[in-house]
Amino acid sequence: MAPRILLITSSLFGENGQSSTLAATFKAALAERDVQLIERDVIAEPLPHLTGPEMASWMTAPAERSAEQETLAALSDTLLAEVEASDLVVLAVPLYNLGIPSQLKAWFDRILRAGKTFQYTENGPVGLLEGKSGLILAARGGMYAGTELDSQTPHLRHMLGLIGINDVQAIYAEGLNMGDARKQASMDEAKQAIGHYVASRF
Ligand SMILES: Cc1cc2nc3c(=O)[nH]c(=O)nc-3n(C[C@H](O)[C@H](O)[C@H](O)COP(=O)(O)O)c2cc1C
């Protein structure tokens, strides 16, 4: 079966965002490959903040859900099905205020679901997804990769790791707000790295 890829984009600037440009580069590199691609833009189709009633819907047996609970549960179920149906989850992520876009957090809030994608045990949480890997395409105004100020990549790795996605690589375009020359060089380098990634993997 052709590898299945879930590509998540999350720039406030739509296809003009730099992280979206990295996502487009990734897609273009896949053009000749035999892969199945599912795309989800969490800005174009924004998810509301997670609420108590929505969580309660998850904990209610499907046969016992009210009509409202069915609608609420369907949100997470749809997103989860996309993750479950993929071998590789690609996250195109801008750095906003030292973190991930809140819309992307709302996506994670619906796929990090106890009993579905991880479970609590006496030894701590255990991820339930198997055989999946992740790729982070990070776009940033400043320079943070590899420093303790980069709280974003560890956060993403921990969230993916919680559900069992531990094989995660990251490609960075940094310094995008530090002058045109830096921006150009950084984007070129990231695009090249994306090309290598796709060539080595698919
Ligand atoms: C609301 C907002 C907050 C930002 N916060 C940061 C930040 O904390 N650190 C940083 O290096 N760049 C920051 N930036 C710059 C973005 O990381 C940079 O513009 C990047 O290209 C965003 O990705 P995008 O173009 O895909 O949206 C911020 C930009 C916006 C719009």
Side-chain angles (χ1 to χ4, degrees), residues 5-31 33 35 37-50 75 78-79 82-83 86 88-112 132-162 165 168-199 201-202:
I5 301 169
L6 174 60
L7 176 59
I8 309 284
T9 46
S10 60
S11 172
L12 292 181
F13 308 106
E15 62 184 24
N16 296 319
Q18 302 307 320
S19 59
S20 309
T21 301
L22 299 180
T25 302
F26 180 81
K27 267 174 69 175
L30 287 175
R33 320 271 161 168
V35 297
L37 186 67
I38 306 173
E39 294 181 65
R40 178 163 286 278
D41 183 335
V42 296
I43 305 294
E45 279 187 77
L47 300 158
H49 284 150
L50 182 60
L75 210 49
T78 302
L79 301 174
E82 290 176 355
V83 174
S86 60
L88 172 67
V89 177
V90 182
L91 302 167
V93 191
L95 184 69
Y96 292 151
N97 300 319
L98 300 175
I100 64 174
S102 55
Q103 293 89 340
L104 184 59
K105 180 61 167 57
W107 179 82
F108 271 107
D109 285 342
R110 289 180 172 85
I111 65 157
L112 271 46
K132 300 185 192 305
S133 48
L135 174 65
I136 298 164
L137 304 176
R140 294 151 171 211
M143 309 284 292
Y144 300 94
T147 76
E148 65 177 16
L149 286 176
D150 184 1
S151 53
Q152 187 192 50
T153 313
H155 186 208
L156 289 167
R157 286 186 187 281
H158 289 142
M159 288 191 289
L160 292 168
L162 180 71
I165 305 178
V168 179
Q169 292 192 40
I171 294 173
Y172 299 93
E174 289 203 311
L176 300 180
N177 292 352
M178 295 172 66
D180 288 345
R182 173 75 67 99
K183 177 179 178 179
Q184 185 69 49
S186 195
M187 287 300 285
D188 287 349
E189 204 179 310
K191 287 177 183 177
Q192 211 176 13
I194 291 168
H196 288 319
Y197 179 93
V198 170
R201 214 188 142 104
F202 301 108

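Every number for a ligand or one of its atoms is a count from 1 in the order of the listing. What you see is a predicted model; the values in this text were computed from it and never measured.
The protein atom (non-hydrogen) at minimum distance from atom 22 (C) of ligand 1 is P94 CB, 3.6 Å. Closest protein heavy atom to atom 26 (O) of ligand 1: S19 OG, 2.5 Å. For atom 15 (C) of ligand 1, the closest non-hydrogen atom of the protein is N177 ND2, 3.5 Å. What sits closest to atom 9 (N) of ligand 1 on the protein, heavy atoms only, is Y144 OH, 3.2 Å. Of all protein heavy atoms, the one closest to atom 18 (C) of ligand 1 is G141 N, 3.7 Å. Protein heavy atom closest to atom 5 (N) of ligand 1, with residue, atom name and distance, is N97 N, 2.8 Å. For atom 2 (C) of ligand 1, the nearest protein heavy atom (residue, atom name, distance) is Y96 CD2, 3.5 Å. Atom 13 (C) of ligand 1 has its closest protein heavy atom at L95 O, 3.3 Å.
Counting atoms of ligand 1 from 1 in the listed order, those under 4.0 Å from a heavy atom of G17 are 24 (P), 25 (O), 26 (O). Near Q18, the atoms of ligand 1 lying under 4.0 angstrom from a non-hydrogen atom of the residue are 21 (O), 24 (P), 25 (O), 26 (O). Less than 4.0 angstrom separates some heavy atom of R140 from each of these atoms of ligand 1: 17 (O). Ligand-side atoms of ligand 1 in range of L98: 7 (C), 8 (O), range being under 4.0 angstrom from any heavy atom.
At under 3.5 Å, not a single nitrogen or oxygen of L176, backbone or side chain, sits near a nitrogen or oxygen of ligand 1. Taking distance alone, with nitrogen or oxygen atoms compared against 3.5 Å, G142 approaches ligand 1 more closely than that limit. Residue F13 has no nitrogen or oxygen atom sitting less than 3.5 Å from a nitrogen or oxygen atom of ligand 1, judged on distance alone.
Side-chain polar atoms of Q184 and D188 form a donor-acceptor pair below 3.5 angstrom.
At least one donor-acceptor pair closer than 3.5 Å links the side chain of S10 to the backbone N or O of A92. With Q169 contributing its side chain and S133 its backbone, the two residues share no donor-acceptor pair below 3.5 Å. Between the side chain of T147 and the backbone N or O of Y144 there is at least one donor-acceptor pair closer than 3.5 Å.
Ring pair F26/Y197 is tilted by interplanar angle, where 30° to 60° counts as tilted.
Scanning all heavy atoms of the two residues, the minimum distance from G14 to S20 falls at O-OG, 2.6 Å. The two residues T21 and E15 make their nearest non-hydrogen contact at OG1-O, 4.3 Å.
Between T9 and E39, every side-chain heavy-atom pair lies at or beyond the 4.5 Å cut-off. The shortest side-chain heavy-atom distance between W107 and I100 does not fall under the 4.5 Å cut-off.
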Please step through side-chain contact (heavy atoms from CB on, under 4.5 Å) for the pair L22 and I171, ending with a clear verdict.
CA-CA 9 Å; L22 299 180; I171 294 173; 5.8 Å; no
